[in-house]
2 protein chains.
Amino acid sequence: MPVRTGVLTSKRVLPMHDDDIANIMRALGHPVRLEILRILATQQQGQCCCADVTDSLTLAQSTVSQHIKVLHDAGLIERKPHGTRNRYCIRHDRLAELNLAFGGLLTGLAPVAANTETELA
Amino acid sequence: MPVRTGVLTSKRVLPMHDDDIANIMRALGHPVRLEILRILATQQQGQCCCADVTDSLTLAQSTVSQHIKVLHDAGLIERKPHGTRNRYCIRHDRLAELNLAFGGLLTGLAPVAANTETELA
DNA sequence: CCGATTGATCGGTGGATTGCGATGGAAGAT
DNA sequence: ATCTTCCATCGCAATCCACCGATCAATCGG
């Protein structure tokens with residue numbers, strides 16, 4: 001099931017809806033997945049292959065691959081086939097997008113902004 | 001701007017670990033739960049009872065109560081018994097804490113030690 | 001006292017998630 | 001061509017999650 005969270009046109013990013021945010025939150029809702037993101041972030045060029053991630057964890061390769069798939073389906077990481085390996089790297093654009101959506105979520109939950117939401121469009 | 005992940009100097013909030021963040025992310029990883037938070041936020045005093053939430057959704061009362069429990073267990077909302085009802089309200093302090101932790105998470109995932117956050121065009 | 005309302009919790013069902021080992025295709029090495 | 005490495009995917013078991021109806025303690029109104 002492709003996730004298709006967040007409509008990303010050429011440069012404009014349309015706002016995320018609850019379903020999109022919830023999807024990404026669920027993808028981030030597992031410590032192993034957070035760890036995988038950290039592992040990717042600390043790599044030299046910000047990318048590494050599945051075997052490297054597996055070596056850094058105490059999980060089977062298939063399990064790691066599955067977690068990677070969840071992150072990939074959520075659009076949080078990118079896969080680049082490179083020879084016999086796949087290189088994965090964090091999609092910082094999506095992270096930025098998520099950061100915006102998260103900020104908007106918190107703003108919408110703030111007590112002051114409880115009413116009158118007409119300035120947005 | 002510098003980023004402080006998780007620790008508030010005045011009230012001494014302990015930093016969140018991956019498990020904590022993942023827990024909260026999972027709690028936020030369901031559209032109904034996001035909707036419940038929004039419903040709470042749009043109430044007059046920022047609080048309402050379970051029945052009000054149930055009326056605003058198309059779910060059984062037991063299901064809503066369960067979602068509320070998840071949010072409560074994650075520390076995102078607060079329960080105040082009030083007569084025959086329970087009033088729920090958002091814990092904005094925890095939201096702020098989460099915001100810090102989330103910002104720290106994203107900062108930790110940013111490209112190493114280099115700003116280079118310009119557009120990828 | 002009794003009846004009504006609220007809402008947490010229990011039990012059950014069905015589907016998703018997490019973990020594993022095994023399989024097999026693709027690409028580089030020999 | 002053959003061997004090896006990488007890793008996505010399948011099949012399976014265990015567990016968790018979402019949803020429901022039913023139940024029951026607590027509170028309020030009579």
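The figures that follow rest on heavy atoms only: side chains count, while hydrogens, waters and symmetry mates do not. Proteins come first, then strands; the chains are lettered A, B, ... in the order of their sequence lines, and each starts at number 1.
- Residue A:His67 places its side chain closer to C:dG19 than to any other of C:dG7, C:dG19, C:dT18.
- Between the P atom of C:dG28 and the CZ atom of A:Arg85 lies a distance of 12 Å, rounded to the nearest Å.
- Contact of the A:Leu109 side chain with the B:Arg38 side chain is registered, since non-hydrogen atoms from C-beta on lie closer than 4.5 Å.
- Checked against salt bridge (charged side-chain N to carboxylate O under 4.0 Å, His left out), A:Arg33 has no partners two or more places apart in sequence or in another chain.
- In this structure, of C:dG7, C:dT9, C:dG19, it is C:dG19 that holds the atom nearest to the side chain of A:Leu59.
- Nucleic acid contact class of A:Arg87 (heavy atoms, under 4.0 Å, all strands): none.
- Look at CZ on A:Arg33: it is 12 Å from C1' on C:dG19, rounded to the nearest Å.
- DNA chain D lies under 4.0 Å from no heavy atom of any residue of residues 70-78 of chain B.
- The shortest side-chain heavy-atom distance between B:Leu76 and B:Arg91 does not fall under the 4.5 Å cut-off.
- Residues from residues 19-31 of chain B lying near DNA chain D, meaning a heavy-atom separation below 4.0 Å, are B:Arg26, B:His30 in numerical order.
- Taking 4.0 Å as the cutoff to heavy atoms of chain B, we find the contact window on DNA chain D bounded by D:dC17 to D:dC28.
- Pairs engaging residues 31-52 of chain A under the ring pair (Phe, Tyr, Trp, His ring centres under 6.0 Å) rule: none recorded [sequence neighbours left out].
- With sequence neighbours excluded, the residues forming a ring pair (Phe, Tyr, Trp, His ring centres under 6.0 Å) with B:His67 are B:His30, listed by chain and number.
- Residues A:Leu28 and A:Leu98 form a side-chain contact, since some pair of their non-hydrogen atoms from C-beta on lies under 4.5 Å apart.
- Shown here are the side chain to side chain donor-acceptor pair (under 3.5 Å) partners of B:Arg94, two or more places apart in sequence or in another chain: there are none.
- Listed by chain and residue number, nothing satisfies the salt bridge (charged side-chain N to carboxylate O under 4.0 Å, His left out) test with B:Asp20 (two or more places apart in sequence, or in another chain).
- Put simply, the side chain of A:Ile68 reaches to within 4.5 Å of the side chain of A:Ile77, judged on heavy atoms.
- With sequence neighbours excluded, no residue satisfies side chain to side chain donor-acceptor pair (under 3.5 Å) with B:Asn99.
- Here salt bridge (Lys or Arg N to Asp or Glu O under 4.0 Å) pairs that include residues 63-90 of chain B, with residues two or more places apart or in two chains, are B:Lys69-B:Asp73.
- Of the possible donor and acceptor atoms, none in the side chain of B:Ser65 sits under 3.5 Å from a partner among the backbone N and O of B:Gln61.
- Distances shorter than 4.0 Å separate none of the side-chain N or O atoms of B:Asn86 from OP1 or OP2 on C:dT6.
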N/O-N/O pairs, protein side and nucleotides 21-27 of chain C side, under 3.5 Å:
{"from": "C:dG21", "atom 1": "N7", "to": "A:Ser62", "atom 2": "OG", "distance (Å)": "3.2"}
{"from": "C:dG21", "atom 1": "O6", "to": "A:Ser62", "atom 2": "OG", "distance (Å)": "3.1"}

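- A search for side-chain contact (heavy atoms from CB on, under 4.5 Å) contacts involving A:Asp52 returns A:Cys48, A:Cys49, not counting sequence neighbours.
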